[in-house]
Every structure is written in structure tokens, then in C-alpha cells.
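Beneath this line is the structure, given in C-alpha cells, with notes to follow.
Convention: sequence-line order gives letters A, B, ...; per-chain numbering from 1. Every value quoted in this text rests on a predicted model; they were computed, and no experiment measured them.
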Amino acid sequence: MDEHHSAEEELIKNRVAKMERLRERGDEPFKYLVDFHAIPVTREEGESDDAYRIAGRDAIGSVRARFEAAEPQGTDAAPVYVGVAGRMVSFRDHGKTVFANLRDETGQIQVYLAKKHLSEAAFEALKDLDIGDFIAVAGKVFRTRTQEITVEVRGYTILSKSLRPLPEKYHGLTDVETRYRQRYLDMVANPEVLNTFRRRVQVVNTMRDWLNRRGYLEVETPMLHPIPGGATARPFITHHNTYDRDLYLRVAPELYLKRLIVGGFEKVYEINRCFRNEGVDTRHNPEFTTMELYEAYQDYMGLMDETEEMLVAIIEATVGGLEFDYQGDRINAARPWKRITLFEAIREYAGIDLEATQDRDKAAELARSIGVDVDPTMGYGKIVDEVMSAKVQPHLIQPTFLYDYPLEISPLAKKKRGNPTLTERFQPFIGRLEVGNAFSELNDPIDQRERFMDQVRQREKGDDEAQFLDDDFITALEVGMPPTAGLGIGIDRLVMLVTNSASIREVILFPQLRTL
RNA sequence: GAACGGGUAGCUCAGCUGGUAGAGCAUCGGACUUUUAAUCCGGUGGUCGCGGGUUCGAACCCCGCCCCGUUCACCA
């Protein structure tokens with residue numbers, strides 16, 4: 001029987017054959033370093049022996065700048081000699097000349113490989129190069145007749161052979177599944193993806209810098225929790241062999257960070273992953289990154305000011321101003337941001353008053369009257385939350401703080417001064433996205449125990465997202481925690497905003513997908 | 001978990017009422033000394049997501065399953 005070759009196998013076979021030819025000719029296809037001195041060059045008459053003896057690799061971005069600076073003086077008199085290395089992303093063969101494009105992290109540049117400027121062997125060996133290969137070239141810079149800055153190559157060498165074809169150059173890679181499963185292909189084929197993740201770094205760096213400057217200490221608390229706490233969410237379960245005990249991947253660092261405030265730190269934060277064993281959609285990935293901070297001797301109103309300052313600093317540093325577009329909306333982050341109580345917002349956007357009644361059934365009836373689904377297991381607080389999500393959140397395009405949340409959906413927040421049915425809690429919303437959650441931290445151990453017991457009752461009624469009683473945390477509060485305010489920011493969502501990304505998967509390098 | 005949309009060459013996509021699987025790019029061979037989605041000539045390349053069924057005949061119709069996307073549910 002004939003051997004069966006798929007197109008893909010055939011393409012790889014061709015490239016492997018080229019790789020072997022390179023090796024046979026003594027040109028190792030996977031080099032260890034870039035060594036421009038080892039590249040044979042063909043010099044023009046009058047050029048000195050070391051005209052092309054490039055000391056080190058030039059960043060492609062810097063080549064343009066150098067050439068443009070030298071240009072007015074006339075580059076014939078003072079040629080710009082360069083050595084660049086990168087991935088070859090295009091290859092246009094014209095017979096006696098070849099144009100290719102090289103890309104490194106700083107940019108892309110066209111290179112011109114002409115028979116008359118290369119040794120016969122070098123020109124012949126171009127046949128064994130493929131799009132995707134890493135090569136190094138030595139040459140001098142000129143402008144083509146279409147004014148494109150180009151390297152006239154006098155010598156080149158393969159650095160690393162690419163054995164698989166890159167996605168098509170014009171349409172790129174659009175299949176989202178392949179983009180996420182093989183992110184490296186996405187990055188190569190769609191260079192703007194690199195910018196999204198560069199901006200993600202900028203968000204985190206700016207935030208960290210902002211916090212460090214204000215005296216916050218960055219700490220690392222456990223990812224493996226014996227009792228999952230700090231958020232109402234279903235955890236992932238894992239197992240420790242030596243202790244022969246199940247552990248939970250953390251759903252939030254909150255309870256550990258507050259223990260540090262008990263211990264004597266006054267400003268702490270942690271930027272790290274959380275894990276929640278829940279649904280996946282455009283705003284939710286099973287693992288996601290949060291920043292949580294705790295500040296002693298502060299309350300939620302003071303923290304609201306700081307949150308606004310910090311987010312504005314991040315927006316300015318990343319989008320370069322206070323205005324930016326998010327998914328079709330123009331967002332203006334100029335201070336001060338709108339601040340409105342949760343119940344005012346419900347009156348304003350949903351047209352019902354859930355504050356006047358504390359009665360669960362009346363609230364359910366009101367919610368249904370405006371088309372919000374309410375199921376029998378939902379308590380008063382949950383109904384309020386549901387109405388907020390359905391009727392208020394879609395209007396929160398411009399930066400807005402909602403504050404004063406119902407007690408029963410805020411088991412770790414302090415009761416509001418003068419109104420024990422509410423808690424001192426706020427959430428910032430931008431572009432319809434909930435980007436954070438903050439409160440005056442509950443530091444009364446008696447109250448905290450009661451709130452946990454409420455959660456335990458919820459759990460017994462079948463709510464598997466309800467929180468567990470954490471006795472050691474209560475013990476810590478009994479030792480005494482100063483008045484403290486705490487904030488959590490969803491880093492992924494913040495990055496979605498400043499990169500105008502519709503899906504959280506666009507801002508996570510390797511989003512969780514079903515294993516094949 | 002539910003509804004809807006999708007899965008055809010390495011990539012991007014066509015494929016009508018069921019009648020021998022197509023194009024562009026890439027690749028291979030040839031031509032070409034400033035091209036840039038280079039151009040021109042010729043060729044290779046397919047388990048049409050997987051498994052059943054209906055039919056003389058299925059990429060297309062029916063059933064089941066897998067994967068992706070969107071919306072909803074849950075949640076941050």
C-alpha cells in the first residue's frame with residue numbers, strides 16, 4: 001500500500017528535509033547563540049574588513065530609529081551597519097532577489113537578499129529557509145524605491161528551524177479554540193495579542209507600584225486551604241498525600257490577610273490566583289487573578305476614595321488618558337465617580353423600592369413585577385442582588401460605586417452605622433463590569449460567629465456555595481483586629497476594560513478549556 | 001445544565017433541491033534583479049468532528065455522542 005501522507009505530514013517532511021540539508025552543509029539548524037562574527041559576508045570594494053563585524057544583535061525597533069537619524073547626513077557617506085535576528089514571517093522570491101520580513105519583540109523589518117550581494121552558496125541555501133525560521137542577518141540599511149526601510153543583507157545564518165507551517169498571513173488565525181489551545185500560534189499570527197498581554201503586565205505593575213508607594217506590604221498566603229473561606233463560592237478539592245487529607249484551592253485570600261492585620265501589619269495586599277469551581281463564560285474563568293488589600297484604621301468610605309485614585313492611575317497608565325472605549329461605549333473615568341447606594345440605584349433603574357420593605361415575599365413580588373425571576377430558595381438579600389444584576393448593572397457604564405449592601409449577602413462586612421440591616425460595603429462598576437468588592441471589615445468576633453452560623457444554616461438548606469465556619473479565624477478576631485477596610489479587585493476584568501476585550505479568555509494567556 | 005450557531009486541506013473559507021469534494025494562501029516544480037496579500041505557469045494535499053441510520057447514492061436528511069462560540073442559569 002502507498003504511504004498515506006496528510007498535507008500536514010507532507011509540509012513537515014519538507015521542512016525536516018531542509019533541516020537535514022542545512023546540517024549536512026555544516027550549518028547547524030539549531031544554534032546556541034547569535035554570533036555575527038561567524039557569519040561569512042561579502043563586502044563591497046572600499047569597505048573595511050570589519051564593516052559587517054557586528055558586535056551584538058540590534059533590536060529591530062532601534063534599527064529604524066538609527067537609520068532615520070543617520071539619513072539626513074546621507075547614508076552613503078556613513079552607512080548604517082546592523083545585525084538583526086528574528087523570526088522570518090514572509091518570504092518573496094523574485095529569482096535573483098528575495099525580500100523577507102524579520103520580526104523580533106521590538107518590531108518587524110524588511111530584509112533584501114540579492115544574489116549580487118551574497119556568496120553563491122549563501123544565495124543557493126535560501127532554498128532551505130522557510131517562513132517561521134529564526135535567522136540572523138548582517139547588512140546595511142537602505143530605503144527601497146517604495147521608501148521602506150530595509151536591510152541589504154551581506155551575510156546570514158539560520159538560528160532555529162521551524163518544522164511546522166505558520167497560520168496564513170492574511171487572515172491570520174481566527175479559530176478561537178486553536179487561538180486559546182495553542183496560544184503561541186495566536187501570538188505569532190496575531191501580534192496585537194502581544195499588546196493585550198503587555199498591557200496586562202502594565203496594569204499589574206502600576207497597581208503594585210501604587211500600593212508599594214503607599215506603604216502596603218505584598219504578602220503571599222496559602223493557596224491550599226483546609227477550610228475554603230472568604231467568598232461564597234464552590235471550591236476545587238484536592239488531596240495531600242502525606243497528611244492524607246483533602247484540601248481546597250482557595251476561593252479568596254481574605255481570611256488569611258485579615259489574620260495578618262490581627263498580627264500587626266497595617267497595610268497588606270496580595271496579587272494572586274483564586275479558584276472557583278463554577279461556570280465558565282465570557283466573564284468567568286475557573287482560575288482568575290485578584291488583588292486584595294487590607295488597611296487598618298480605615299473604613300469603606302475612605303477606601304472608596306483610594307480605590308478611585310488607584311483605578312484612575314491604572315487607567316491613565318494603560319490607556320494613556322481618562323477616556324477610552326469599551327465594547328461600543330465611550331467611558332470617561334474623570335473623578336469624581338458617581339456614588340449611589342444600592343437601593344437608590346434600584347429605585348432609579350428598576351423603578352421599585354426594595355428598601356422600604358424588609359419582607360422577603362413582598363420583595364419577591366416586586367422583583368417579579370419588573371420581570372426578574374425569583375425562585376423560592378432566594379432570601380431577601382439574594383433577591384436584591386438579583387434585581388441589581390438584571391436591572392441596574394446593565395446601566396453602569398460610566399464608573400460608579402454602589403454602596404450599602406444587604407446584611408445577608410455580606411457575611412464578612414461590618415453592619416452599617418445606624419442601620420443594622422445593611423453593611424458598609426461597596427462595589428465599583430465600569431463598562432457594566434463588576435471590577436471589585438470592598439467593605440468595612442467585620443471585626444466583632446461575636447457578630448462574625450453569628451454570620452458564619454447563618455451561612456452554615458444556608459449550607460444545610462442546600463446552598464453549596466455558602467461559607468464554612470472558620471473557627472481559627474474567629475479566634476483571630478477574638479485576639480482583636482483594629483478597624484479595617486478591605487478591597488478586592490478582579491484583575492482580569494480590569495484588564496478586559498483597558499484592552500477593550502469582550503471575553504475574559506482574551507486576557508488570560510492559557511484559559512481553561514475542556515481537555516480533549 | 002438549557003437554547004441557538006458552528007466543526008470541510010496546515011490556515012481562511014465556499015459547497016444550491018441528496019448525484020464523482022472546491023477556491024485563495026501555504027507547500028512542491030518552473031519563470032522573474034526594488035517586492036511587500038508580489039506576479040505568472042503547472043502539480044501535491046481530504047476519515048467533510050466521531051458513531052449509527054435512511055437511500056441506488058450522504059459533507060448535505062434522521063438519531064446519539066464529542067468539541068468550540070454566544071445567550072441564559074450559577075457566579076466574581
Selection from B:U71, B:A37, B:U33 that lies nearest to any side-chain heavy atom of A:Lys96: B:U33
Pairing partner (Watson-Crick or G-U wobble, both distances under 3.5 angstrom) of B:A9: none
Rounded distance in Å - CD (A:Glu8) to C1' (B:C25): 16 Å
Minimum-distance nucleotide (side-chain atoms of A:Asn14 versus B:G24, B:C28, B:A26): B:C28
Donor-acceptor pair present, A:Arg145 side chain and B:U34 base, under 3.5 Å: no
Residue pairs, two or more places apart or on separate chains, that pass salt bridge (Lys or Arg N to Asp or Glu O under 4.0 Å) and touch residues 376-389 of chain A: none
Atom-to-atom span, NE2 of A:His171 to P of B:C25 - whole angstrom: 11 Å
From A:Met496 atom CE to A:Arg200 atom CZ, the distance as rounded to the nearest 0.5 Å: 11.0 Å
Rounded interatomic separation in angstrom, taking CZ from A:Arg92 and C1' from B:C25: 14 Å
Main-chain N/O of A:Arg103 paired to A:Gln108 side chain as donor or acceptor, under 3.5 Å: no
Passing option when A:Asp128 is tested against A:Lys18, A:Arg23, A:Lys161, A:Arg25 for salt bridge (charged side-chain N to carboxylate O under 4.0 Å, His left out): A:Arg25
Residue matched to B:G46 through Watson-Crick or wobble contacts both under 3.5 angstrom: none
Which nucleotide in B:G10, B:C32, B:A76 has an atom nearest any side-chain atom of A:Asp93: B:C32
Atom P, compared across B:C41 and B:C4: separation rounded to whole Å: 47 Å
Sugar-phosphate, base or nothing in reach of A:Asp281, heavy atoms under 4.0 Å: base
SB check A:Asp492 A:Arg283 (cutoff 4.0 Å): no
Closest nucleotide among B:C32, B:U70, B:U27 to the A:Ser503 side chain: B:U70
Atom CG of A:Asp373: over 12 foreign heavy atoms under 6.0 Å: no
Span that lies between the C1' atom of B:U39 and that of B:G24, in whole angstrom: 15 Å
Aromatic ring proximity A:Tyr112/A:Phe99, centre distance under 6.0 Å: yes
Sugar-phosphate only, base, or nothing, as touched by A:Glu148 at under 4.0 Å among non-hydrogen atoms: base
Strand partner of B:U35, provided both Watson-Crick or wobble distances fall under 3.5 Å: none
Whole angstrom value for the distance that separates P of B:C40 from NE2 of A:His94: 12 Å
Whole-Å C1' distance, B:G46 and B:G7: 15 Å
Sugar-phosphate only, base, or nothing, as touched by A:Gly172 at under 4.0 Å among non-hydrogen atoms: sugar-phosphate
d(CG, A:Leu126; P, B:U33) in whole Å: 15 Å
Sugar-phosphate only, base, or nothing, as touched by A:Asp375 at under 4.0 Å among non-hydrogen atoms: nothing
Candidates B:A37, B:C11, B:U27 - which lies nearest the side chain of A:Pro167: B:C11
Test log, rule ring pair (Phe, Tyr, Trp, His ring centres under 6.0 Å), inputs A:Tyr248 and A:His225: CA-CA 5 Å; A:Tyr248 302 89; A:His225 289 192; 9.0 Å; no
Sugar-phosphate only, base, or nothing, as touched by A:Gly279 at under 4.0 Å among non-hydrogen atoms: base
Touch class at under 4.0 angstrom, heavy-atom based, for A:Arg493 against every strand present: base
Pairing nucleotide - B:G19, Watson-Crick or G-U, each distance under 3.5 Å: B:C56
Closest heavy-atom pair and its distance - A:Glu148, A:Asn101: OE2-ND2, 4.3 Å
Sugar-phosphate only, base, or nothing, as touched by A:Ser90 at under 4.0 Å among non-hydrogen atoms: nothing
Complement of B:U71, any strand, by Watson-Crick or G-U distances under 3.5 angstrom: B:A2
Aro-ring/base stack A:Phe288-B:A76, d under 5.5 Å, angle under 30°: yes
Sugar-phosphate, base or nothing in reach of A:Lys18, heavy atoms under 4.0 Å: sugar-phosphate
Residues, nucleotides or ligands: over 12 heavy atoms within 6.0 Å of A:Glu120 CD: no
Please list each protein N or O that sits under 3.5 Å from an N or O in nucleotides 66-68 of chain B, with the distance.
residue : atom : partner  : partner atom : Å
B:C67   : O3'  : A:Arg181 : NH2          : 3.4
B:C67   : O2'  : A:Glu177 : OE1          : 3.2
B:C67   : O2'  : A:Glu177 : OE2          : 2.6
B:C68   : OP1  : A:Arg514 : N            : 3.0
B:C68   : OP2  : A:Arg514 : NE           : 3.0
B:C68   : O4'  : A:Glu177 : OE1          : 3.0

Between B:A58 and B:U47 - C1' atom distance, rounded Å: 15 Å
B:A14 versus B:U70 - spacing of their C1' atoms, nearest Å: 24 Å
Distance-only donor-acceptor test (3.5 Å): side chain A:Thr144, base B:U35: yes
Nucleotide of B:C11, B:U35, B:U71 approaching A:Leu173 most closely (side-chain heavy atoms): B:C11
Sugar-phosphate, base or nothing in reach of A:Glu434, heavy atoms under 4.0 Å: sugar-phosphate
Touch class at under 4.0 angstrom, heavy-atom based, for A:Glu386 against every strand present: sugar-phosphate
P-based separation of B:A37 from B:A23 [nearest Å]: 24 Å
Sugar-phosphate, base or nothing in reach of A:Thr232, heavy atoms under 4.0 Å: sugar-phosphate
Of the listed nucleotides B:A76, B:C74, B:G10, the one nearest the side chain of A:Pro165: B:G10
